[in-house]
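Heads up, the thing below is written out as structure tokens.
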Amino acid sequence: MQPKPNIVHLPVYQPGKPVDDVKRELGLSEVIKLASNENPFGSSPKAKEAIAREVDNISIYPDGAAVDLTAALAAIHGVNPDQIIFGAGSDEIILMIARAFLVPGDETIMAESTFPQYKHNAQIENAVIIEVPLKNGTHDLFSMLERVSDKTKVIWVCNPNNPTGTIVTADEIEWFLSKVPQNVLVVLDEAYCEYIENSSFPNGIKLLQKYPNVVTLRTFSKIYGLASLRIGYGVGRPDVIRSINQVREPFNTSRFGQAAALAALQDEEFISFCRHANKEGLAYFNSSFEKLGLEAFPAYGNFIMVDVKRPAQEVFDALLRKGIIVRGGHKLYPTHIRITVGSREQNEKVVAALTAVLQEIAVKV
Ligand SMILES: Cc1ncc(COP(=O)(O)O)c(C=O)c1O
């Protein structure tokens with residue numbers, strides 16, 4: 001048997017170590033995982049109640065068109081229902097966009113050091129990947145534009161960017177969109193947008209009115225705290241959404257996901273609590289890093305990437321031994337770690353552990 005030649009070199013996704021494994025292996029009673037940008041406050045109680053109500057229906061297929069959730073989001077965003085598509089997380093929408101739009105040899109442009117699923121799915125379709133290095137941890141839209149050719153089919157802009165946490169502003173993205181040919185699809189991945197109150201941050205869904213070649217991705221995995229239920233959505237022009245829908249599996253989102261997402265949307269109190277706590281957490285990390293003499297990229301989502309000025313792996317391992325799991329291992333940022341903003345207590349523990357680790361390493365040197 002011969003798999004597709006363009007997938008044989010692809011790595012199999014390596015999930016982070018489960019908290020219980022780390023506890024057992026290192027003999028720790030408490031482990032804090034701030035590695036996957038999950039919501040430290042869980043999810044809305046309304047979402048949990050909605051899931052409980054769905055339990056009796058688990059033998060029945062979900063609504064493949066997610067009609068109720070579509071209607072709710074269409075009203076919130078001021079778009080028509082035929083402009084929205086759901087995926088098993090926004091991960092699946094990225095997959096479907098690659099599947100629907102990229103054929104072997106098409107060019108697709110993305111930042112170098114961005115969310116890895118853009119490249120992964122484009123590789124599966126045998127597209128030509130063009131990675132444009134970040135500038136100061138931020139998308140370099142000028143250089144990305146320079147790489148557009150008549151073979152370009154899809155451009156990916158992760159805003160805020162994972163892993164660096166930086167944003168491109170409304171003015172910058174509008175400049176970019178005004179120059180990109182209208183036949184090139186621009187995917188704006190706004191997985192963390194609900195955390196942001198900054199008025200210079202663009203809303204991709206609003207940009208659609210002026211730039212119909214934009215598809216905006218959102219997710220219920222982050223501020224809504226529903227990561228395990230795998231539900232995210234895309235908003236775009238009806239014909240673009242139809243093309244993505246043509247490659248969608250019939251029942252790609254679950255009953256639990258749809259019901260919880262609908263309820264979560266209605267709990268503004270929970271969302272604003274999470275947004276506020278996250279803002280405080282980012283301010284706390286920024287001031288703590290400054291005291292430690294460390295520089296971080298400007299962070300807008302629920303995570304922050306900081307230069308620990310030592311090999312990230314060393315700091316990662318030392319933090320792990322203290323029961324703190326963060327994310328390191330970014331090829332272009334070998335001395336940076338990415339930390340998800342946790343609860344106040346978790347953030348204080350991370351800073352205390354990082355302070356101790358940096359001192360221990362300094363003593364050894
Ligand atoms: C930028 C970005 N896009 C998309 C996703 C995928 O999220 P999900 O598939 O859970 O919706 C993530 C998850 O970390 C992300 O950081």
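Just so it is clear, the structure is predicted and the values come from calculations on it, not from any experiment. Atoms within each ligand, like the ligands themselves, are counted from 1 in listed order.
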Q: Take Glu146 and Val132, measure what side chain to side chain contact (heavy atoms under 4.5 Å, CB included) needs, and give me the verdict at the end.
A: CA-CA 10 Å; Glu146 280 187 334; Val132 177; over 6 Å; no
Give the residue, atom name and distance (to 0.1 Å) of the protein heavy atom nearest [atom].
| atom | value |
| --- | --- |
| atom 5 (C) of ligand 1 | Phe115 CZ, 3.3 Å |
| atom 7 (O) of ligand 1 | Ser90 OG, 3.5 Å |
| atom 9 (O) of ligand 1 | Arg230 NH2, 2.7 Å |
| atom 2 (C) of ligand 1 | Asp189 OD2, 3.4 Å |
| atom 14 (O) of ligand 1 | Lys222 NZ, 2.9 Å |

Should [X] be listed as contacting ligand 1, given a heavy-atom distance under 4.0 Å as the test?
| X | answer |
| --- | --- |
| Gln117 | no |
| Tyr192 | yes |
| Ser221 | yes |
| Glu92 | no |

Nearest-0.5 Å distance that lies between atom [atom1] in [X] and atom [atom2] in [Y]:
| X | Y | atom1 | atom2 | value |
| --- | --- | --- | --- | --- |
| Ile130 | Arg147 | CD1 | CZ | 5.0 Å |
| Asn159 | Thr138 | CG | OG1 | 9.5 Å |
| Ile271 | Phe273 | CD1 | CZ | 11.5 Å |

Q. Just which atoms of ligand 1 are under 4.0 Å from any heavy atom in Gly89?
A. 8 (P), 9 (O), 11 (O)
Q. Numbering the atoms of ligand 1 from 1, which are under 4.0 Å from a heavy atom of Cys158?
A. 1 (C)
Q) Between Trp156 and Met144, what is the shortest heavy-atom contact and its length? A) O-CE, 3.6 Å
**Q.** Which atom of Arg255 lies closest to which atom of Tyr61, heavy atoms considered
**A.** NH2-O, 3.0 Å
(Q) Any side-chain to backbone donor/acceptor pair from Asp21 onto Pro18? Under 3.5 Å, distance only. (A) no
Q) Can you name the ring pair (Phe, Tyr, Trp, His ring centres under 6.0 Å) partners of Phe285, sequence neighbours left out? A) Phe289
Solution key, residues 83-100 side-chain donor-acceptor pairs under 3.5 Å, sequence neighbours excluded:
{"unit_1": "Gln83", "atom_1": "OE1", "unit_2": "Asn80", "atom_2": "N", "d": "2.9"}
{"unit_1": "Gln83", "atom_1": "NE2", "unit_2": "Gly236", "atom_2": "O", "d": "3.2"}
{"unit_1": "Asp91", "atom_1": "OD2", "unit_2": "Arg230", "atom_2": "NH2", "d": "3.3"}
{"unit_1": "Glu92", "atom_1": "OE1", "unit_2": "Ala88", "atom_2": "N", "d": "2.7"}
{"unit_1": "Glu92", "atom_1": "OE1", "unit_2": "Asn252", "atom_2": "ND2", "d": "2.9"}

Q: Would you check whether Tyr118 has a nitrogen or oxygen atom less than 3.5 angstrom from a nitrogen or oxygen atom of ligand 1?
A: no
Q. What about Asp91: any of its N or O atoms under 3.5 Å from an N or O on ligand 1?
A. yes
